[in-house]
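Remember, predicted model here, so these are calculated numbers, not experimental data. Each ligand, and each atom within it, is numbered from 1 in the order the structure gives.
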Amino acid sequence: MDELILAIESSCDETSVAVVKNGETICSNIIASQIKSHQRFGGIVPEVASRHHVEQITSCIDEAMSEAGVVPSDLQAVAVTYGPGLVGSLLIGISAAKAFAWANGLPLIPVSHMAGHIYAARFVKPLEFPLMALLVSGGHTELVYMEEDGSYEIIGETRDDAAGEAYDKVGRVLGLSYPSGKEIDRMAHLGADTYHLPRAMIHEDNFDFSFSGLKSAFINLVHNAQQRGEELSPNDLAASFQASVVDVLTEKTVKACQKYPVKQLIVAGGVAANQGLRESLQEKIGELPNVELVIPPLKLCGDNAAMIGAAAHIELKKRHFADWHLNAAPSLSF
Ligand code: KG4
Ligand code: ZN
């Protein structure tokens, strides 16, 4: 019999509900983005996010069930992101998942948002262990070593800003709307790396990252030029910033894949949608004969519930269930 999981994700600014079959097939994956409501504030307003989740969650559940053509008695479990993320946003998803699970006599599976990002790769192909995951999102930049399903060792992480956060802050200086990663990526392909911004920690013997110095160097460059009345090319600025981020992420990731005996490199999180990063890793990981690069398709790189359903499949096999006291864990890692 097929295993069907209803998965709910509401950790940040996307309300998403999916039905996932056997941890590898997406039957439905409804994503209601609130980005337009947050854009005028230049970032996410937690209270606004929670209110949107409340408004959206019930219709997203209905839509996910009807698009998948299933009824509650077809399901084996309900999975929900319980962290990391915004506490108010997480609680909406958790409350909805508890209510649905309780009403239908289903077990409740708590899932880490970060594990979900990694398991988005499961929709591309089966994971082969040991593997390395480069997790790059608005809140995280981490290299994670996995020896088997459900085992996560963070071998390196950012000491300050996350990669996506740096994109969004630099985007504000360029006058772009939030979130600006996608637009900077597009502009970068039209410009050249002419400003030679710093590549922090690139030669250090560890797997940590730092992006706040790069962000400051970028802001200083723009402000100094403004004071001198000079015009800088926005496309060249975007290309220079992106070259620095991509060089550091690629260099450290390749080193990690050489040091650890990995069969696959998974790139996950919103910044995994970055074309510059995808191209650079394709080239450099392509030079390592034993490592296969697996990157989820663009629409599964950002926040979505299907990835939570894929991660939940592993937890269901282990019967890792939560009770009705499940709470949000805003700073959970895995
Ligand atoms: O994983 P995600 O959807 O949400 C979090 O869990 O944080 O990641 C969102 C982040 C934002 O910072 C956004 O600017 C960035 O991913 N992003 C990109 C691209 N698309 C989204 N950054 C660089 N290049 C892109 N193409
Ligand atoms: Zn995310």
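- Given atom 11 (C) of ligand 1, the protein heavy atom at minimum distance is Asp168 OD2, 3.5 Å.
- Within the 4.5 Å cutoff, side-chain heavy atoms of Leu131 are placed close to those of Ile266.
- Within the coordination shell of the Zn ion (ligand 2), defined by N, O or S atoms under 2.8 Å, Cys12 is absent.
- Of all atoms in ligand 1, listed by their number and element, those nearer than 4.0 Å to a heavy atom of Gly138 are 5 (C), 7 (O), 8 (O), 9 (C), 10 (C), 12 (O).
- Heavy-atom distances between His117 and ligand 1 reach below 4.0 Å in at least one pair.
- Among the atoms of His117, an N, O or S atom is found under 2.8 Å from the Zn ion (ligand 2).
- Among protein heavy atoms, the minimum distance from atom 22 (N) of ligand 1 is reached at Gly181 CA, 3.4 Å.
- A centroid separation of 6.0 Å or more is found between the aromatic rings of Phe41 and Tyr178.
- For the residue pair His223 / Gln227, no side-chain donor-acceptor distance below 3.5 Å is found, with atom types taken as modelled.
- Lys215 contributes no side-chain N or O that, together with a main-chain N or O of Tyr167, makes up a donor-acceptor pair within less than 3.5 Å.
- For the ligand labelled ligand 1, residue Ala273 lies inside the 4.0 Å heavy-atom shell.
- Using a 4.0 Å cut-off between a side-chain N of Lys or Arg and a carboxylate O of Asp or Glu, Arg186 and Glu183 qualify as a salt bridge.
- Looking from atom 2 (P) of ligand 1 to the surrounding protein, the closest heavy atom is Asp303 OD1, 3.5 Å.
- When hydrogens are left out, the protein atom nearest atom 23 (C) of ligand 1 is Asn274 ND2, 3.4 Å; that is the closest non-hydrogen contact.
- Regarding atom 26 (N) of ligand 1, its nearest protein heavy-atom neighbour is Asp185 OD2, 3.1 Å.
- Within the 3.5 Å criterion, the main-chain N or O of Leu176 finds no donor-acceptor partner in the side chain of Ser180.
- Scanning the protein for heavy atoms near atom 15 (C) of ligand 1, the closest one is Val271 CG2, 3.9 Å.
- For Glu231, the CD atom is loosely surrounded, since the number of other residues' heavy atoms within 6.0 Å does not exceed 12.
- Between Phe241 and Phe218, the angle of the ring planes goes over 60°, which puts this pair in the perpendicular group of the 30/60° scheme.
- Summary of contacts: the protein heavy atom closest to atom 21 (C) of ligand 1 is Gly270 O, 3.5 Å.
- Nearest-residue assignment for atom 19 (C) of ligand 1 (options Lys182, Glu165, Met114; heavy-atom criterion): Lys182.
- The aromatic rings of His113 and His117 lie perpendicular to each other, with more than 60° between the two planes, well past the 30° mark.
- The shortest separation from a heavy atom of His113 to ligand 1 is under 4.0 Å, placing the residue in contact.
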